[in-house]
Protein chains: 2
Amino acid sequence: MSPRREHRLVFLLNVAQRRLQRWMAARSPHTGVTAAQSGLLFVLGQRDGALMGEAGAALDLGPPGISGLVDRMTAANLIERRADPDDGRAWRLWLTPAGRVAMAQSKAGLADVNARLTEGFTDAEIDVVARWLTTMQSRFPKGEDE
Amino acid sequence: MSPRREHRLVFLLNVAQRRLQRWMAARSPHTGVTAAQSGLLFVLGQRDGALMGEAGAALDLGPPGISGLVDRMTAANLIERRADPDDGRAWRLWLTPAGRVAMAQSKAGLADVNARLTEGFTDAEIDVVARWLTTMQSRFPKGEDE
DNA sequence: TCAATTTATTTCGCATGCGAACTATCTAAA
DNA sequence: TTTAGATAGTTCGCATGCGAAATAAATTGA
């Protein structure tokens, strides 16, 4: 009857995310590429020329989120905004040469992160974690659905 | 040889955390109490009069983090800063009457959140998740330890 | 064709929280 | 006692990302 002792899941989730983000940022001080930024680099690595909205959807970011991220990465000369030739409202995002380099570096760094994220856990356990995290996405939806 | 398909754990963790945070904030628009703020309310509910540093440690926040949170919650009349009588550098945090009310409301809301965080998962699975999240704290430490 | 609506993106104000640098106070050592 | 740390908080500039509102271009319908 007592609530499962997982009251702390909210807190644990928050802390784990912040620790990981901070750690990743601290690991590329030379490049200045953060976790969020490397996310966009990856997306463009697979889909260069994506619309901002597409990139935002891939990263689960709303319009303001992707807009700001693109601003900062454009200022850092990692990506470029180019007008879509067919739609005057839309912009497509392209990696710059420097962005390509940063993308490759981030990719390499990710191997280390992945190792730390899985070390000491079996594949089955990691599957549980991944399933839980994925489930939380639908359980705490964007809209204000009940 | 292919990397475990958990490349996405970084991303999943990020998204899950943002979704949860957004959802919690959207659920108390009347009170305006956010997830971070309810965290401090809980801490003071158990340890009213805590030092800022103690509260920060309980929430895994550094000095700037707790300082800003306290600023906003003081402005919202949820808590009070009072000088420590024994240490001129230190401040102790106290719930206001409004803070006490908000704390009780947050506590009630947490039951719902907890249900959503665990529904569909066995106790054993939730234990794995909690252990994983906890492990990530030591695996991505605050200092720049390797 | 032309108004109404939808869609893509931006802008604004905000909350969160970090790292670095600063201030003020306390403590310990010479 | 005086001074050299250590400790508690604050402040600054920044990155992240949200909700609400605005802008501008495309689409749809009468």
Side-chain angles (χ1 to χ4, degrees), chain A residues 14-15 17-29 31-40 50-57 59-76 78 81-93 140-144, chain B residues 14-15 17-29 31-40 50-57 59-76 78 81-93 140-144:
Chain A
N14 178 284
V15 174
Q17 155 61 16
R18 282 190 287 119
R19 292 288 190 93
L20 175 55
Q21 181 140 341
R22 197 188 328 179
W23 191 87
M24 288 180 75
R27 283 206 110 222
S28 61
T31 65
V33 172
T34 65
Q37 295 181 10
S38 66
L40 183 49
L51 293 173
M52 292 191 56
E54 290 171 349
L59 298 170
D60 196 59
L61 293 177
I66 190 65
S67 191
L69 186 59
V70 167
D71 283 349
R72 293 185 294 272
M73 291 177 70
T74 298
L78 294 168
R81 262 187 187 95
R82 294 190 212 151
D84 183 298
D86 299 329
D87 189 333
R89 301 165 297 179
W91 297 85
R92 293 192 175 272
L93 303 176
F140 298 101
K142 286 177 138 168
E144 57 295 297
Chain B
N14 179 284
V15 174
Q17 155 60 17
R18 283 190 285 120
R19 291 289 190 93
L20 175 56
Q21 181 141 341
R22 195 189 328 180
W23 191 86
M24 288 180 76
R27 282 204 111 222
S28 62
T31 65
V33 172
T34 66
Q37 295 181 9
S38 67
L40 182 50
L51 293 174
M52 292 190 57
E54 290 170 348
L59 297 170
D60 196 57
L61 293 177
I66 190 66
S67 191
L69 185 59
V70 167
D71 283 349
R72 292 185 295 272
M73 291 177 72
T74 298
L78 293 168
R81 261 189 188 94
R82 295 189 212 150
D84 183 298
D86 300 328
D87 189 334
R89 301 164 297 179
W91 297 86
R92 293 190 176 273
L93 303 175
F140 299 100
K142 286 176 140 170
E144 57 295 298

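First the proteins, then the strands, lettered A, B, ... as listed; each starts at 1.
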Exercise for the section: Tell me what A/Arg72 touches on the nucleic acid: a base, only sugar-phosphate, or nothing, going by heavy atoms under 4.0 Å. Expected result: base
Exercise for the section: Remember a base hit wins even if backbone is also touched, and classify A/Gly62 as base, sugar-phosphate or nothing at under 4.0 Å, heavy atoms. Expected result: sugar-phosphate
Practice task
Using the heavy-atom set of chain A and a strict 4.0 Å cut-off, write down the first and last nucleotide of DNA chain D that makes it in, 5' to 3'.
Solution key: D/dA15 to D/dA26
Handout entry: Axis bend over the full length of the helix from C/dT1-D/dA30 to C/dA30-D/dT1, computed from five pairs that close each end, to 10 degrees
Key = 0°
Exercise for the section: Looking at every strand, decide which applies to B/Arg81 at a 4.0 Å heavy-atom threshold: base, sugar-phosphate, or nothing. Expected result: sugar-phosphate
Problem - Rounded distance [0.5 Å steps], CE in A/Met24 versus CG in B/Asn14 - result: 9.5 Å
Fill in the blank from the handout: DNA chain D nearest-nucleotide lookup for A/Pro64 and B/Ser67: closer to the 5′ end is B/Ser67
Problem - Distance in Å, B/Met52 CE paired with B/Asp84 CG, rounded so as to fall on 0.5 Å steps - result: 12.5 Å
Problem - Heavy-atom closest contact (B/Ala55 atom, B/Leu93 atom, distance) - result: CB-CD1, 4.1 Å
Practice task
Select base, sugar-phosphate, or nothing to describe what A/Asp71 touches, counting heavy atoms under 4.0 Å on all strands.
Solution key: nothing
Exercise for the section: Evaluate the side-chain proximity of B/Asp71 to B/Arg81: yes if any heavy-atom separation is below 4.5 Å, no if none is. Expected result: yes
Exercise for the section: Hey, which sits more toward the 5' end of DNA chain C by its nearest nucleotide, A/Leu51 or A/Asn14? Expected result: A/Leu51
Exercise for the section: Pick base, sugar-phosphate or nothing for B/Gly88, based on heavy-atom distances below 4.0 Å to the nucleic acid. Expected result: sugar-phosphate
Problem - Whole-Å gap separating P (C/dG19) and CD (A/Gln21) - result: 11 Å
Handout entry: A/Arg92 and A/Asp87 ion-paired at < 4.0 Å
Key = no
Handout entry: A/Ile66/A/Leu40 under side chain to side chain contact (heavy atoms under 4.5 Å, CB included): CA gap, chis, key distance, verdict
Key = CA-CA 9 Å; A/Ile66 190 65; A/Leu40 183 49; 4.3 Å; yes
Exercise for the section: Test side chain to side chain contact (heavy atoms under 4.5 Å, CB included) on A/Gln17 and B/Arg18 and set out the steps. Expected result: CA-CA 9 Å; A/Gln17 155 61 16; B/Arg18 283 190 285 120; over 6 Å; no
Practice task
May I ask you to say what A/Ile66 touches in the nucleic acid, namely base, sugar-phosphate or nothing, with a heavy-atom cut-off under 4.0 Å?
Solution key: nothing
Completion exercise
Closest to the 5' end of DNA chain C, once B/Thr34 and A/Pro63 are matched to their nearest nucleotides, is A/Pro63
Practice task
With heavy atoms under 4.0 Å as the rule, sort B/Asp87 into base, sugar-phosphate or nothing.
Solution key: sugar-phosphate
Practice task
Can you measure from CG (A/Leu51) to CH2 (A/Trp91) and round to the nearest 0.5 angstrom?
Solution key: 12.5 Å
Handout entry: Partners passing salt bridge (charged side-chain N to carboxylate O under 4.0 Å, His left out) against A/Arg72 (at least two apart in sequence or in another chain)
Key = none
Exercise for the section: Record whether the side chain of A/Arg89 comes under 3.5 Å of the base of C/dT7 through a donor-acceptor pair of N or O atoms. Expected result: yes
